[in-house]
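Below: the structure, in structure tokens.
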Amino acid sequence: MTIRLYDTSARQIRDFTPLVPGCVSIYLCGATVQAAPHIGHIRSGLNFDILRRWFAHRGYDVTFIRNVTDIDDKIIAKAAEQGRPWWAIGYENERAFNDGYEALGCLPPTYEPRATGHVPEMIEMMQGLIERGHAYAADGNVYFDVRSLPSYLELSRQELENLLQPTGEGETGKRDPRDFALWKAVKPGEPSWPTPWGRGRPGWHLECSAMAHKYLGSAFDIHGGGLDLVFPHHENEIAQAKAYGDDFAQYWLHNAWVTMAGDKMSKSLGNSVLVSEMVKQWRPIVLRYYLGTPHYRSMIEYSEESLREAESAFARIEGFVQRVVELAGGVVEPAAEVPPAFAEAMDDDLGVPQALAVVHTTVRQGNSALAADDKEAAVARLAEVRAMLGVLGLDPLDPRWAGEGGRGEELHGVVDSLVRLVLDQREGARARKDWATADAIRDQLSQSGLVIEDSPQGPRWSLGAR
């Protein structure tokens, strides 16, 4: 079956046809590293990590580029505010982003270019745009002439006459207020690089056009990013690339936001939830489940209640996995193929919610097999569940998650020994038919947050939802 994706530029779901058969090239707008990431930032990387995994499962050779914007107005402002070098701010937060991606199980990109490492490519692109009559220099700045490109605004579908282009301080010499900066003239105390038009620094939009061209060529398959990037960032990227002569991206994919009280999660609004703090409160695999399982084009309204629901839902999956592994007495390898209904959902614009419903249905079937003491059927269902969870990056048996929580495995062993002592007392009470004592022990364990399940193999315990 053909993979189908919602293309923002076409405003419809389209069949995916790669430029090169068997290969897929993806450029994702990554972090602007002026501050540490909140879960809204990481959601984008996570959504495209699942897309990448699905393409790989379908047999594609994937090239995945995720850039780092390490020079920007916000970074410079943050450096001035903190009295620190701009590059120190950028590097510290770049590491924080990578820690966040890694904590939530995102695969590393094929390449992760920094904007400051590609100034020569930006200068070359600007020279080409000036020569073609699409850009001009003024007061040390270089601007893109939006009226020179008839297709401008085709992505966001705005009217040029009504356009309000964001303008930064010092952007003087514009022929038209709607023109946007490719290069910004140097200001006292700010970082700068030499160019034929004077020292200065790159504009945000130019960085991505130049890096996409460098790593993916004049045409590539998919350009992704958050919904808030459609305008001006992605619109201006397209303008630069098309005017330069590139075909640029064939498909445009945009993920929705994580919101709080209906507002986009944002550092400037003071409503962000830092990844570094969240992983102290919640298991990273649970955070991945919470952020990665809604459809990528749907908003996520953040709340602790919804996180607890995600924790409980994943616990049901994890409990089934653990029970079958115990029954099988060894590792159960993932199935070679995912169930057809799961594949159909994923092929349909990355329908993770529908695919996840297949996971839960398969878990229920596996639990029924366990209840019927049908080891063969239970093992078969686990193999399917592992294959599906592997695509979603949520397989609890994957070595990636084996050390989750630092000393979690050691603590689990200690707790298991203590709980076993109590369960042995409960089993003794049941053997004596002292049901009151047995029930009291079970209730006491339940109040401590433990769920006790009696099975043909004996009692087992697990952590309940918060």
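All residue numbers in this chain count up from 1 along the given sequence. Note: hydrogens, waters and symmetry copies are ignored here, and every other heavy atom, side chains too, is used.
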Could you verify whether a donor N or O on one side chain and an acceptor N or O on the other, from D70 and W86, lie under 3.5 Å apart? no
What pair of heavy atoms forms the shortest contact from N367 to R323, and how long is it? OD1-NH2, 3.0 Å
Applying salt bridge (Lys or Arg N to Asp or Glu O under 4.0 Å) as the test, list every pair that has at least one member in residues 81-91; sequence neighbours left out. R84-E92
With distance as the sole criterion, is a donor-acceptor pair present between the side chains of D221 and S25 under 3.5 Å? yes
Axial cation check for Y27 ring with R66, 6.0 Å and 45° limits: no
Take the angle between the ring planes of F97 and Y101 and call it parallel below 30°, perpendicular above 60°, tilted in between. tilted
Sequence-distant partners of S218, side chain to side chain donor-acceptor pair (under 3.5 Å), two or more places apart: none
Where at least one partner belongs to residues 389-398, residue pairs that pass salt bridge (Lys or Arg N to Asp or Glu O under 4.0 Å), sequence neighbours excluded: R386-D395
Indicate whether any N or O donor in one side chain lies under 3.5 Å from an N or O acceptor in the other, for H223 and E237. yes
Taking salt bridge (Lys or Arg N to Asp or Glu O under 4.0 Å) as the cut-off, I'd like each qualifying pair that reaches into residues 114-124, sequence neighbours left out, listed once. E94-R114, E121-K214
Could you pull out all residues at least two apart from P196 that satisfy side-chain contact (heavy atoms from CB on, under 4.5 Å)? I123, Q127
K74, NZ atom: more than 12 neighbouring heavy atoms under 6.0 Å: no
Under 3.5 Å, is there a donor-acceptor pair between the N141 and Y143 side chains? yes
Of the options D99, L46, I39, which is the one that meets L104 in a side chain to side chain contact (heavy atoms under 4.5 Å, CB included)? L46
Would you call the rings of W252 and H234 parallel, tilted or perpendicular, taking 30° and 60° as the class edges? tilted
Q158 meets the side-chain contact (heavy atoms from CB on, under 4.5 Å) criterion, sequence neighbours left out, with L153, S156, L163, F231
If only side-chain N and O atoms count, and only distance matters, is there a donor-acceptor pair under 3.5 Å linking N67 with T69? yes
Quiz question: by atom type and distance under 3.5 Å, do the side chains of D179 and Y136 form a donor-acceptor pair? yes
